[in-house]
Protein chains: 2
Amino acid sequence: MGTTQLETVPEPKYWHLRTVLSDALDSEFGVGEVLPNERELAARFGVARATLRQALEQLELEGRLQRRRGVGTTVAPPRIGLDVGPAHDSWGGLADDSWQTDGSEDVTPPASVVRLLATSPSAVVHAVRRTRLNHGQPVATELLYVPAATVPAAAGPGEGLDDVARAQLVLRELRRLELEGQDRAVELGSAQADDARQLDRLPGAPVLVVTTRYFAQGRTAAVGVSTYRADTCRLTFGESDPVALVAS
Amino acid sequence: MGTTQLETVPEPKYWHLRTVLSDALDSEFGVGEVLPNERELAARFGVARATLRQALEQLELEGRLQRRRGVGTTVAPPRIGLDVGPAHDSWGGLADDSWQTDGSEDVTPPASVVRLLATSPSAVVHAVRRTRLNHGQPVATELLYVPAATVPAAAGPGEGLDDVARAQLVLRELRRLELEGQDRAVELGSAQADDARQLDRLPGAPVLVVTTRYFAQGRTAAVGVSTYRADTCRLTFGESDPVALVAS
DNA sequence: CAGTGGTCTAGACCACTAC
DNA sequence: TAGTGGTCTAGACCACTGG
(Lines give C-alpha, C1' and ligand atoms only; values in the text may rest on other atoms or scores of the structure.)
Protein backbone atom coordinates (compact mmCIF):
# COMPACT_ATOMS: atom_id res chain seq x y z
CA MET A 1 0.00 0.00 0.00
CA GLY A 2 2.89 2.32 0.66
CA THR A 3 4.32 1.75 -2.77
CA THR A 4 3.88 4.64 -5.13
CA GLN A 5 4.85 2.71 -8.22
CA LEU A 6 4.41 -0.85 -9.36
CA GLU A 7 6.74 -0.63 -12.34
CA THR A 8 5.10 -3.28 -14.47
CA VAL A 9 7.59 -2.35 -17.17
CA PRO A 10 10.57 -0.80 -15.37
CA GLU A 11 12.05 2.00 -17.41
CA PRO A 12 15.76 2.00 -18.19
CA LYS A 13 18.01 3.53 -15.56
CA TYR A 14 19.38 6.17 -17.93
CA TRP A 15 15.88 7.30 -18.80
CA HIS A 16 14.87 7.61 -15.18
CA LEU A 17 18.11 9.48 -14.53
CA ARG A 18 17.31 11.85 -17.35
CA THR A 19 13.99 12.68 -15.70
CA VAL A 20 15.56 13.21 -12.30
CA LEU A 21 18.29 15.42 -13.71
CA SER A 22 15.81 17.34 -15.83
CA ASP A 23 13.73 18.15 -12.79
CA ALA A 24 16.85 19.16 -10.88
CA LEU A 25 17.83 21.50 -13.71
CA ASP A 26 14.44 23.18 -13.51
CA SER A 27 14.46 23.68 -9.79
CA GLU A 28 18.04 23.85 -8.56
CA PHE A 29 20.22 25.23 -11.32
CA GLY A 30 20.46 28.45 -13.25
CA VAL A 31 21.59 29.03 -16.82
CA GLY A 32 25.34 28.75 -17.19
CA GLU A 33 25.84 26.97 -13.89
CA VAL A 34 28.28 24.07 -13.98
CA LEU A 35 27.20 20.62 -12.81
CA PRO A 36 29.38 18.29 -10.75
CA ASN A 37 31.67 16.26 -12.97
CA GLU A 38 30.54 12.98 -14.49
CA ARG A 39 32.47 10.71 -12.13
CA GLU A 40 30.97 12.39 -9.12
CA LEU A 41 27.44 12.45 -10.52
CA ALA A 42 27.69 8.76 -11.39
CA ALA A 43 28.83 7.94 -7.87
CA ARG A 44 26.11 10.09 -6.34
CA PHE A 45 23.40 8.25 -8.29
CA GLY A 46 25.02 4.86 -7.86
CA VAL A 47 25.42 4.08 -11.55
CA ALA A 48 28.29 3.50 -13.92
CA ARG A 49 29.68 6.53 -15.66
CA ALA A 50 28.53 5.23 -19.03
CA THR A 51 24.95 5.11 -17.81
CA LEU A 52 25.15 8.61 -16.42
CA ARG A 53 26.59 9.77 -19.71
CA GLN A 54 23.67 8.26 -21.59
CA ALA A 55 21.34 10.46 -19.56
CA LEU A 56 23.47 13.56 -20.10
CA GLU A 57 23.54 12.86 -23.82
CA GLN A 58 19.74 12.94 -23.92
CA LEU A 59 19.63 16.24 -22.10
CA GLU A 60 22.27 17.71 -24.37
CA LEU A 61 20.24 16.55 -27.39
CA GLU A 62 17.26 18.37 -25.95
CA GLY A 63 19.27 21.54 -25.58
CA ARG A 64 19.19 21.49 -21.78
CA LEU A 65 22.89 20.92 -21.22
CA GLN A 66 26.14 21.91 -22.83
CA ARG A 67 29.25 19.77 -22.41
CA ARG A 68 32.77 20.86 -23.26
CA ARG A 69 35.80 18.66 -22.96
CA GLY A 70 38.33 19.92 -20.45
CA VAL A 71 35.79 22.33 -19.01
CA GLY A 72 32.66 20.66 -17.70
CA THR A 73 28.91 20.37 -18.09
CA THR A 74 26.86 23.53 -17.86
CA VAL A 75 23.18 24.38 -17.99
CA ALA A 76 22.35 25.61 -21.48
CA PRO A 77 20.37 28.77 -22.18
CA PRO A 78 17.06 28.40 -24.03
CA ARG A 79 17.42 27.64 -27.70
CA ILE A 80 17.86 30.50 -30.13
CA GLY A 81 14.98 31.01 -32.54
CA LEU A 82 16.39 31.54 -36.01
CA ASP A 83 14.22 32.53 -38.93
CA VAL A 84 14.65 30.41 -42.03
CA GLY A 85 11.36 31.27 -43.68
CA PRO A 86 10.73 33.37 -46.78
CA ALA A 87 9.45 36.27 -44.72
CA HIS A 88 12.35 38.71 -44.81
CA ASP A 89 12.94 39.40 -48.46
CA SER A 90 12.39 37.67 -51.72
CA TRP A 91 15.73 35.88 -51.77
CA GLY A 92 15.43 34.48 -48.26
CA GLY A 93 18.57 34.96 -46.24
CA LEU A 94 20.56 35.80 -49.33
CA ALA A 95 20.65 39.47 -48.49
CA ASP A 96 20.64 39.02 -44.76
CA ASP A 97 23.44 40.50 -42.71
CA SER A 98 23.37 37.58 -40.28
CA TRP A 99 25.22 35.57 -42.93
CA GLN A 100 28.92 35.97 -43.49
CA THR A 101 30.33 35.05 -46.89
CA ASP A 102 33.37 32.81 -46.51
CA GLY A 103 34.33 31.94 -50.07
CA SER A 104 33.51 30.11 -53.22
CA GLU A 105 34.76 27.11 -55.12
CA ASP A 106 33.75 25.30 -58.28
CA VAL A 107 32.62 21.76 -57.53
CA THR A 108 30.60 18.88 -58.86
CA PRO A 109 27.77 18.78 -56.31
CA PRO A 110 26.70 15.64 -54.43
CA ALA A 111 24.10 13.45 -56.09
CA SER A 112 21.25 14.75 -53.91
CA VAL A 113 21.90 18.32 -55.05
CA VAL A 114 22.33 17.32 -58.69
CA ARG A 115 18.87 15.80 -58.52
CA LEU A 116 17.38 19.08 -57.31
CA LEU A 117 19.26 21.25 -59.76
CA ALA A 118 18.50 18.93 -62.65
CA THR A 119 21.97 19.54 -64.05
CA SER A 120 24.32 16.98 -65.51
CA PRO A 121 25.99 14.85 -62.83
CA SER A 122 29.41 16.01 -63.97
CA ALA A 123 28.47 19.68 -64.40
CA VAL A 124 30.54 22.16 -62.45
CA VAL A 125 28.64 24.68 -60.34
CA HIS A 126 29.64 27.54 -58.06
CA ALA A 127 29.53 26.57 -54.42
CA VAL A 128 29.36 29.57 -52.11
CA ARG A 129 30.30 28.90 -48.51
CA ARG A 130 28.62 31.00 -45.86
CA THR A 131 28.36 31.06 -42.08
CA ARG A 132 25.44 32.28 -40.04
CA LEU A 133 26.41 34.13 -36.89
CA ASN A 134 24.40 34.90 -33.80
CA HIS A 135 25.99 37.26 -31.30
CA GLY A 136 29.30 36.48 -32.94
CA GLN A 137 28.91 32.72 -32.53
CA PRO A 138 28.53 30.52 -35.60
CA VAL A 139 25.19 28.70 -35.53
CA ALA A 140 25.04 27.38 -39.08
CA THR A 141 27.13 26.72 -42.14
CA GLU A 142 25.81 26.75 -45.67
CA LEU A 143 26.78 25.63 -49.11
CA LEU A 144 24.86 27.42 -51.82
CA TYR A 145 25.06 25.69 -55.18
CA VAL A 146 24.62 28.01 -58.14
CA PRO A 147 24.89 26.56 -61.66
CA ALA A 148 27.09 28.62 -63.96
CA ALA A 149 24.13 29.00 -66.28
CA THR A 150 22.24 30.91 -63.59
CA VAL A 151 24.91 33.60 -63.21
CA PRO A 152 26.74 33.84 -66.55
CA ALA A 153 28.33 37.15 -65.58
CA ALA A 154 30.20 35.45 -62.74
CA ALA A 155 31.94 32.99 -65.01
CA GLY A 156 34.16 35.40 -66.90
CA PRO A 157 36.51 37.17 -64.50
CA GLY A 158 37.26 34.00 -62.62
CA GLU A 159 40.99 34.07 -62.09
CA GLY A 160 41.56 37.65 -61.11
CA LEU A 161 39.45 37.41 -57.96
CA ASP A 162 40.05 35.81 -54.61
CA ASP A 163 37.75 33.35 -52.90
CA VAL A 164 35.51 35.80 -51.12
CA ALA A 165 35.20 38.39 -53.88
CA ARG A 166 34.18 35.63 -56.24
CA ALA A 167 31.50 34.45 -53.83
CA GLN A 168 30.15 37.96 -53.43
CA LEU A 169 30.00 38.37 -57.18
CA VAL A 170 27.94 35.20 -57.51
CA LEU A 171 25.55 36.35 -54.78
CA ARG A 172 25.21 39.79 -56.36
CA GLU A 173 24.39 38.32 -59.74
CA LEU A 174 21.92 35.95 -58.13
CA ARG A 175 20.01 38.75 -56.45
CA ARG A 176 19.52 40.45 -59.80
CA LEU A 177 17.21 37.65 -60.85
CA GLU A 178 13.51 37.75 -60.16
CA LEU A 179 12.70 35.04 -57.63
CA GLU A 180 9.64 33.05 -58.66
CA GLY A 181 9.35 30.83 -55.62
CA GLN A 182 11.14 28.72 -53.11
CA ASP A 183 10.92 25.42 -51.37
CA ARG A 184 12.29 24.07 -48.11
CA ALA A 185 12.93 20.78 -46.39
CA VAL A 186 14.24 20.12 -42.89
CA GLU A 187 15.75 16.89 -41.67
CA LEU A 188 18.05 15.55 -39.00
CA GLY A 189 21.68 14.89 -39.84
CA SER A 190 25.03 14.53 -38.17
CA ALA A 191 27.82 17.04 -38.60
CA GLN A 192 30.67 16.04 -40.89
CA ALA A 193 34.22 16.77 -39.80
CA ASP A 194 34.50 20.24 -41.35
CA ASP A 195 31.01 21.42 -40.41
CA ALA A 196 31.62 20.16 -36.90
CA ARG A 197 34.81 22.18 -36.61
CA GLN A 198 33.14 25.35 -37.85
CA LEU A 199 30.24 24.92 -35.46
CA ASP A 200 32.56 24.12 -32.55
CA ARG A 201 31.13 20.65 -32.11
CA LEU A 202 32.46 17.10 -32.33
CA PRO A 203 31.98 15.06 -35.48
CA GLY A 204 28.61 13.38 -35.46
CA ALA A 205 26.92 16.13 -33.49
CA PRO A 206 23.21 16.37 -34.34
CA VAL A 207 22.34 19.08 -36.85
CA LEU A 208 19.24 20.28 -38.63
CA VAL A 209 19.79 20.30 -42.37
CA VAL A 210 17.70 22.80 -44.30
CA THR A 211 17.58 22.31 -48.05
CA THR A 212 16.24 25.28 -50.00
CA ARG A 213 15.38 25.42 -53.69
CA TYR A 214 15.28 28.82 -55.34
CA PHE A 215 13.23 29.11 -58.51
CA ALA A 216 13.95 31.74 -61.15
CA GLN A 217 13.87 31.93 -64.91
CA GLY A 218 11.39 29.06 -64.94
CA ARG A 219 13.74 26.54 -63.34
CA THR A 220 15.73 25.74 -60.21
CA ALA A 221 18.24 28.58 -60.14
CA ALA A 222 20.07 27.56 -56.96
CA VAL A 223 20.04 25.10 -54.10
CA GLY A 224 21.14 25.94 -50.58
CA VAL A 225 22.11 23.35 -47.98
CA SER A 226 22.28 24.87 -44.51
CA THR A 227 23.48 23.00 -41.45
CA TYR A 228 22.24 24.28 -38.09
CA ARG A 229 23.40 23.17 -34.63
CA ALA A 230 20.46 21.12 -33.40
CA ASP A 231 21.32 21.51 -29.73
CA THR A 232 21.17 25.29 -29.61
CA CYS A 233 18.84 26.25 -32.45
CA ARG A 234 15.11 26.34 -33.07
CA LEU A 235 14.15 27.06 -36.66
CA THR A 236 11.22 29.37 -37.20
CA PHE A 237 9.12 29.86 -40.32
CA GLY A 238 7.32 33.14 -40.05
CA GLU A 239 4.21 33.05 -42.20
CA SER A 240 1.81 34.87 -40.01
CA ASP A 241 0.22 38.18 -40.77
CA PRO A 242 1.99 40.48 -38.30
CA VAL A 243 -1.31 42.25 -37.70
CA ALA A 244 -2.56 39.23 -35.86
CA LEU A 245 0.18 39.60 -33.28
CA VAL A 246 -0.45 43.24 -32.55
CA ALA A 247 -4.20 43.02 -32.16
CA SER A 248 -6.07 41.88 -29.05
CA MET B 1 56.28 8.98 -49.21
CA GLY B 2 53.94 6.05 -49.58
CA THR B 3 51.70 7.31 -46.83
CA THR B 4 48.40 8.71 -48.00
CA GLN B 5 47.48 10.30 -44.69
CA LEU B 6 49.46 11.76 -41.84
CA GLU B 7 46.54 11.81 -39.40
CA THR B 8 47.67 14.78 -37.39
CA VAL B 9 44.42 14.43 -35.49
CA PRO B 10 43.35 10.79 -35.80
CA GLU B 11 39.60 10.51 -35.98
CA PRO B 12 37.73 8.32 -33.48
CA LYS B 13 37.29 4.68 -34.38
CA TYR B 14 33.51 4.87 -34.32
CA TRP B 15 33.54 7.76 -36.75
CA HIS B 16 35.81 5.96 -39.16
CA LEU B 17 33.61 2.90 -38.82
CA ARG B 18 30.58 5.00 -39.66
CA THR B 19 32.22 6.08 -42.89
CA VAL B 20 33.23 2.56 -43.84
CA LEU B 21 29.77 1.21 -43.12
CA SER B 22 28.13 4.10 -44.93
CA ASP B 23 30.13 3.36 -48.06
CA ALA B 24 29.31 -0.32 -47.75
CA LEU B 25 25.60 0.52 -47.52
CA ASP B 26 25.82 2.51 -50.73
CA SER B 27 27.65 -0.13 -52.70
CA GLU B 28 26.86 -3.54 -51.27
CA PHE B 29 23.42 -3.43 -49.73
CA GLY B 30 19.89 -2.84 -50.91
CA VAL B 31 16.98 -1.30 -49.07
CA GLY B 32 15.49 -3.70 -46.53
CA GLU B 33 18.48 -6.00 -46.50
CA VAL B 34 19.57 -7.20 -43.05
CA LEU B 35 23.12 -6.65 -41.86
CA PRO B 36 25.14 -9.20 -39.91
CA ASN B 37 24.42 -8.99 -36.20
CA GLU B 38 26.31 -6.59 -33.95
CA ARG B 39 28.55 -9.19 -32.32
CA GLU B 40 29.69 -10.45 -35.68
CA LEU B 41 30.21 -6.99 -37.16
CA ALA B 42 32.23 -5.95 -34.12
CA ALA B 43 34.43 -9.03 -34.44
CA ARG B 44 34.84 -8.47 -38.16
CA PHE B 45 36.07 -4.92 -37.63
CA GLY B 46 38.12 -5.80 -34.57
CA VAL B 47 36.36 -3.44 -32.18
CA ALA B 48 34.28 -3.77 -29.06
CA ARG B 49 30.56 -4.09 -29.54
CA ALA B 50 29.96 -0.75 -27.83
CA THR B 51 32.15 0.99 -30.39
CA LEU B 52 30.39 -0.70 -33.27
CA ARG B 53 27.08 0.33 -31.76
CA GLN B 54 28.18 3.95 -31.62
CA ALA B 55 28.72 3.85 -35.37
CA LEU B 56 25.37 2.17 -36.00
CA GLU B 57 23.68 4.78 -33.83
CA GLN B 58 25.03 7.53 -36.06
CA LEU B 59 23.78 5.83 -39.17
CA GLU B 60 20.38 5.25 -37.64
CA LEU B 61 20.22 8.94 -36.69
CA GLU B 62 20.93 9.79 -40.31
CA GLY B 63 18.11 7.57 -41.47
CA ARG B 64 20.39 5.05 -43.16
CA LEU B 65 19.67 2.11 -40.84
CA GLN B 66 16.76 0.72 -38.92
CA ARG B 67 17.32 -1.41 -35.83
CA ARG B 68 14.70 -3.54 -34.16
CA ARG B 69 15.27 -5.54 -31.01
CA GLY B 70 14.87 -9.25 -31.50
CA VAL B 71 14.95 -8.83 -35.26
CA GLY B 72 18.12 -7.21 -36.51
CA THR B 73 19.55 -4.22 -38.34
CA THR B 74 18.22 -3.44 -41.79
CA VAL B 75 18.97 -0.88 -44.46
CA ALA B 76 16.39 1.90 -44.24
CA PRO B 77 14.51 3.27 -47.24
CA PRO B 78 14.99 6.96 -48.11
CA ARG B 79 13.25 9.32 -45.75
CA ILE B 80 9.62 10.19 -46.37
CA GLY B 81 8.97 13.79 -47.33
CA LEU B 82 6.01 15.09 -45.32
CA ASP B 83 4.45 18.44 -45.95
CA VAL B 84 4.00 20.59 -42.88
CA GLY B 85 3.69 23.91 -44.66
CA PRO B 86 0.61 26.10 -45.06
CA ALA B 87 0.23 25.12 -48.70
CA HIS B 88 -2.71 22.74 -48.61
CA ASP B 89 -5.53 24.71 -47.11
CA SER B 90 -5.96 27.60 -44.79
CA TRP B 91 -5.99 25.55 -41.59
CA GLY B 92 -2.84 23.62 -42.39
CA GLY B 93 -3.21 19.91 -41.83
CA LEU B 94 -6.37 20.43 -39.86
CA ALA B 95 -8.55 19.19 -42.68
CA ASP B 96 -6.06 16.72 -44.04
CA ASP B 97 -7.00 13.08 -44.33
CA SER B 98 -3.47 11.98 -43.45
CA TRP B 99 -4.29 12.80 -39.84
CA GLN B 100 -6.35 10.48 -37.69
CA THR B 101 -8.22 11.92 -34.73
CA ASP B 102 -7.58 9.89 -31.59
CA GLY B 103 -9.40 11.75 -28.88
CA SER B 104 -9.61 14.78 -26.69
CA GLU B 105 -9.06 15.67 -23.07
CA ASP B 106 -9.21 18.84 -21.03
CA VAL B 107 -5.82 19.73 -19.61
CA THR B 108 -3.76 22.56 -18.24
CA PRO B 109 -1.09 22.88 -20.95
CA PRO B 110 2.65 22.88 -20.29
CA ALA B 111 4.27 26.23 -19.57
CA SER B 112 5.71 26.57 -23.07
CA VAL B 113 2.24 26.29 -24.62
CA VAL B 114 0.67 28.61 -22.07
CA ARG B 115 3.21 31.22 -23.12
CA LEU B 116 2.16 30.92 -26.76
CA LEU B 117 -1.56 30.89 -26.04
CA ALA B 118 -1.28 33.78 -23.61
CA THR B 119 -3.88 32.14 -21.39
CA SER B 120 -3.82 31.88 -17.64
CA PRO B 121 -1.37 29.20 -16.40
CA SER B 122 -4.21 27.37 -14.69
CA ALA B 123 -6.70 27.71 -17.54
CA VAL B 124 -8.14 24.48 -18.89
CA VAL B 125 -7.97 24.01 -22.65
CA HIS B 126 -9.08 21.27 -25.02
CA ALA B 127 -6.23 19.02 -26.08
CA VAL B 128 -6.97 17.09 -29.24
CA ARG B 129 -4.77 14.07 -29.83
CA ARG B 130 -4.07 13.13 -33.44
CA THR B 131 -1.81 10.72 -35.31
CA ARG B 132 -0.36 11.22 -38.76
CA LEU B 133 -0.23 8.08 -40.85
CA ASN B 134 1.80 7.30 -43.93
CA HIS B 135 0.96 4.07 -45.72
CA GLY B 136 -0.73 2.94 -42.52
CA GLN B 137 2.34 3.57 -40.38
CA PRO B 138 2.28 6.30 -37.71
CA VAL B 139 4.91 8.94 -38.46
CA ALA B 140 3.85 11.68 -36.09
CA THR B 141 1.72 12.38 -33.05
CA GLU B 142 0.17 15.71 -32.27
CA LEU B 143 -1.41 17.54 -29.41
CA LEU B 144 -3.54 20.46 -30.54
CA TYR B 145 -4.30 22.88 -27.75
CA VAL B 146 -7.53 24.83 -28.24
CA PRO B 147 -8.65 27.24 -25.53
CA ALA B 148 -12.30 26.90 -24.62
CA ALA B 149 -12.77 30.54 -25.56
CA THR B 150 -11.84 29.75 -29.16
CA VAL B 151 -14.58 27.15 -29.61
CA PRO B 152 -17.39 28.06 -27.20
CA ALA B 153 -19.81 25.73 -28.95
CA ALA B 154 -17.69 22.73 -27.99
CA ALA B 155 -17.94 23.44 -24.28
CA GLY B 156 -21.60 22.73 -23.78
CA PRO B 157 -22.41 19.11 -24.68
CA GLY B 158 -19.35 17.80 -22.90
CA GLU B 159 -20.57 14.75 -21.04
CA GLY B 160 -22.72 13.11 -23.65
CA LEU B 161 -19.88 12.55 -26.08
CA ASP B 162 -17.03 10.11 -26.16
CA ASP B 163 -13.38 11.00 -26.57
CA VAL B 164 -13.23 10.99 -30.34
CA ALA B 165 -16.57 12.66 -31.04
CA ARG B 166 -15.57 15.44 -28.70
CA ALA B 167 -12.29 15.92 -30.55
CA GLN B 168 -14.04 16.04 -33.87
CA LEU B 169 -16.47 18.61 -32.57
CA VAL B 170 -13.60 20.84 -31.48
CA LEU B 171 -11.91 20.50 -34.87
CA ARG B 172 -15.14 21.24 -36.69
CA GLU B 173 -15.74 24.37 -34.67
CA LEU B 174 -12.15 25.44 -35.22
CA ARG B 175 -12.43 25.18 -38.98
CA ARG B 176 -15.41 27.53 -38.93
CA LEU B 177 -13.12 30.38 -37.90
CA GLU B 178 -11.35 32.52 -40.45
CA LEU B 179 -7.63 31.84 -40.20
CA GLU B 180 -5.60 35.04 -40.17
CA GLY B 181 -2.15 33.56 -40.19
CA GLN B 182 0.14 30.90 -38.83
CA ASP B 183 3.58 30.43 -37.49
CA ARG B 184 5.90 27.48 -37.24
CA ALA B 185 9.02 26.38 -35.40
CA VAL B 186 11.01 23.18 -35.75
CA GLU B 187 13.43 21.81 -33.20
CA LEU B 188 15.04 18.57 -32.15
CA GLY B 189 13.63 16.66 -29.21
CA SER B 190 13.53 13.20 -27.75
CA ALA B 191 10.41 11.08 -27.65
CA GLN B 192 8.68 10.78 -24.29
CA ALA B 193 7.43 7.38 -23.21
CA ASP B 194 3.94 7.66 -24.72
CA ASP B 195 5.01 9.31 -27.96
CA ALA B 196 7.72 6.69 -28.31
CA ARG B 197 5.19 3.89 -27.96
CA GLN B 198 2.86 5.39 -30.54
CA LEU B 199 5.68 5.91 -33.00
CA ASP B 200 7.04 2.40 -32.39
CA ARG B 201 10.33 3.71 -31.04
CA LEU B 202 12.22 3.49 -27.78
CA PRO B 203 12.02 6.32 -25.25
CA GLY B 204 14.55 8.99 -26.09
CA ALA B 205 14.39 8.41 -29.81
CA PRO B 206 15.16 11.59 -31.76
CA VAL B 207 12.12 13.47 -33.00
CA LEU B 208 11.43 16.69 -34.83
CA VAL B 209 9.01 18.83 -32.87
CA VAL B 210 6.92 21.22 -34.93
CA THR B 211 5.13 23.95 -32.99
CA THR B 212 2.40 25.73 -34.92
CA ARG B 213 0.50 28.82 -33.86
CA TYR B 214 -2.86 29.45 -35.49
CA PHE B 215 -4.12 33.03 -35.47
CA ALA B 216 -7.80 33.86 -35.67
CA GLN B 217 -10.09 36.46 -34.18
CA GLY B 218 -7.09 38.72 -33.66
CA ARG B 219 -5.27 36.36 -31.28
CA THR B 220 -3.66 32.97 -30.98
CA ALA B 221 -6.60 30.66 -31.47
CA ALA B 222 -4.76 27.36 -31.12
CA VAL B 223 -1.32 25.84 -30.75
CA GLY B 224 -0.30 22.51 -32.25
CA VAL B 225 2.69 20.49 -31.09
CA SER B 226 3.54 17.76 -33.58
CA THR B 227 6.19 15.12 -32.95
CA TYR B 228 7.72 13.51 -36.05
CA ARG B 229 10.08 10.53 -36.17
CA ALA B 230 13.40 12.13 -37.03
CA ASP B 231 14.92 8.95 -38.41
CA THR B 232 12.35 8.34 -41.12
CA CYS B 233 10.93 11.78 -41.87
CA ARG B 234 11.96 14.84 -43.83
CA LEU B 235 9.71 17.84 -43.29
CA THR B 236 8.88 19.93 -46.33
CA PHE B 237 7.54 23.46 -46.49
CA GLY B 238 6.02 24.02 -49.87
CA GLU B 239 6.05 27.71 -50.65
CA SER B 240 6.97 27.66 -54.27
CA ASP B 241 4.78 28.80 -57.08
CA PRO B 242 3.84 25.51 -58.74
CA VAL B 243 4.22 27.15 -62.13
CA ALA B 244 7.95 27.28 -61.63
CA LEU B 245 8.10 23.51 -61.42
CA VAL B 246 6.15 22.86 -64.57
CA ALA B 247 8.03 25.26 -66.80
CA SER B 248 11.35 24.57 -68.53
C1' DC C 1 49.92 20.56 -14.22
C1' DA C 2 45.32 18.66 -12.44
C1' DG C 3 40.72 18.07 -13.86
C1' DT C 4 37.31 17.66 -17.37
C1' DG C 5 34.66 15.21 -20.90
C1' DG C 6 35.51 11.75 -24.99
C1' DT C 7 36.73 7.12 -26.47
C1' DC C 8 37.20 2.25 -25.96
C1' DT C 9 37.21 -2.37 -23.94
C1' DA C 10 35.37 -7.07 -22.46
C1' DG C 11 32.33 -8.74 -20.37
C1' DA C 12 27.28 -9.66 -18.27
C1' DC C 13 22.40 -9.82 -18.29
C1' DC C 14 17.75 -8.36 -20.01
C1' DA C 15 13.68 -7.71 -23.33
C1' DC C 16 11.97 -8.83 -27.35
C1' DT C 17 11.01 -11.53 -31.79
C1' DA C 18 10.29 -15.37 -34.45
C1' DC C 19 10.39 -20.04 -35.20
C1' DT D 1 14.20 -21.75 -27.48
C1' DA D 2 17.78 -19.46 -30.05
C1' DG D 3 19.17 -15.17 -31.66
C1' DT D 4 18.66 -10.27 -31.89
C1' DG D 5 19.37 -5.55 -30.23
C1' DG D 6 19.10 -2.77 -25.55
C1' DT D 7 21.07 -1.87 -21.03
C1' DC D 8 24.67 -1.74 -17.67
C1' DT D 9 29.14 -2.32 -15.42
C1' DA D 10 34.04 -1.22 -13.95
C1' DG D 11 37.57 -0.26 -15.48
C1' DA D 12 41.44 2.11 -18.78
C1' DC D 13 43.46 5.62 -21.50
C1' DC D 14 43.24 9.85 -24.45
C1' DA D 15 42.43 14.91 -25.81
C1' DC D 16 41.53 19.05 -24.30
C1' DT D 17 41.11 23.19 -21.10
C1' DG D 18 42.59 26.17 -17.72
C1' DG D 19 45.43 28.00 -14.16
Side-chain angles (χ1 to χ4, degrees), chain A residues 7-19 21 32-61 64-76 190-191 193 196-197 200-206 231, chain B residues 7-19 21 32-61 64-76 190-191 193 196-197 200-206 231:
Chain A
E7 288 286 12
T8 52
V9 177
E11 62 187 356
K13 269 190 193 176
Y14 78 90
W15 187 252
H16 182 243
L17 249 185
R18 186 208 77 109
T19 308
L21 286 169
E33 206 164 331
V34 307
L35 271 60
N37 72 52
E38 296 183 348
R39 290 162 178 88
E40 160 143 13
L41 278 177
R44 188 179 300 186
F45 287 108
V47 300
R49 190 175 155 222
T51 305
L52 185 271
R53 277 180 62 79
Q54 218 173 333
L56 294 183
E57 227 155 82
Q58 286 286 340
L59 291 168
E60 192 180 29
L61 198 83
R64 307 286 311 275
L65 290 180
Q66 205 161 332
R67 298 192 285 174
R68 272 175 307 169
R69 170 157 48 177
V71 179
T73 302
T74 59
V75 180
S190 54
R197 214 175 323 110
D200 190 30
R201 301 262 64 201
L202 294 170
D231 54 346
Chain B
E7 287 287 10
T8 54
V9 178
E11 63 187 358
K13 270 190 194 177
Y14 78 90
W15 187 252
H16 181 243
L17 249 185
R18 186 208 77 109
T19 308
L21 287 169
E33 206 164 330
V34 307
L35 271 59
N37 72 53
E38 297 184 348
R39 290 161 179 88
E40 161 143 11
L41 278 177
R44 188 179 300 186
F45 286 107
V47 299
R49 190 177 155 221
T51 305
L52 185 270
R53 278 180 61 79
Q54 218 175 334
L56 293 183
E57 227 156 81
Q58 286 286 340
L59 291 167
E60 191 180 29
L61 197 83
R64 307 285 312 274
L65 290 180
Q66 205 161 333
R67 298 191 284 174
R68 271 175 307 169
R69 170 155 51 179
V71 179
T73 302
T74 59
V75 180
S190 54
R197 213 176 324 107
D200 191 29
R201 301 263 62 199
L202 294 170
D231 54 346

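To find a chain, count down the sequence lines: A is the first, B the second, and so on, and within it residues start at 1. Just so it is clear, the structure is predicted and the values come from calculations on it, not from any experiment.
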Roughly, in whole Å, what's the span from [atom1] in [X] to [atom2] in [N]?
X      : N      : atom1 : atom2 : result
A/L202 : D/dT17 : CG    : P     : 10 Å
A/R69  : D/dG18 : CZ    : P     : 13 Å
A/D200 : C/dG6  : CG    : P     : 12 Å
B/R201 : D/dG6  : CZ    : C1'   : 12 Å
A/H16  : D/dT7  : NE2   : C1'   : 16 Å
A/L41  : C/dT4  : CG    : P     : 11 Å
A/W15  : D/dC8  : CH2   : P     : 12 Å
A/E38  : D/dC16 : CD    : C1'   : 14 Å

Listed partners of [X] passing side-chain hydrogen bond (donor to acceptor under 3.5 Å, both in side chains), at least two apart:
X      : value
A/E57  : none
A/S190 : B/Q58, B/E62
B/E40  : B/R44

Checking all strands, does A/R39 fall into the base, sugar-phosphate, or nothing category for heavy-atom contacts under 4.0 angstrom? base
With a 4.0 Å cut-off on heavy atoms, is A/L56 in touch with a base, just the backbone sugar-phosphate, or nothing at all? nothing
Any [X] side-chain nitrogen or oxygen under 4.0 Å from OP1 or OP2 of [N]:
X     : N     : value
B/Y14 : C/dT7 : yes
B/N37 : D/dT4 : yes
A/R53 : C/dG6 : yes
A/R67 : C/dG6 : yes

Below 3.5 Å between N/O atoms, which protein atoms pair up with nucleotides 9-11 of chain D? Just atom names and distances, please.
{"unit_1": "D/dT9", "atom_1": "OP1", "unit_2": "A/K13", "atom_2": "NZ", "d": "3.0"}
{"unit_1": "D/dT9", "atom_1": "OP2", "unit_2": "A/A48", "atom_2": "N", "d": "2.8"}
{"unit_1": "D/dT9", "atom_1": "OP2", "unit_2": "A/T51", "atom_2": "OG1", "d": "2.4"}

Once salt bridge (charged side-chain N to carboxylate O under 4.0 Å, His left out) is applied, do any residues pair with A/R201, and if so which ones, sequence neighbours excluded? A/E60, A/D231
Can you list the residues that meet the salt bridge (charged side-chain N to carboxylate O under 4.0 Å, His left out) rule with A/R49, with sequence neighbours excluded? A/E38
5'-most contact on DNA chain D: A/P12 or B/R68, nearest heavy atom basis? B/R68
Going by heavy atoms in the side chains, are B/V34 and B/V71 under 4.5 Å from each other? no
Rounded distance [0.5 Å steps], OG1 in A/T51 versus CG in A/L56: 11.0 Å
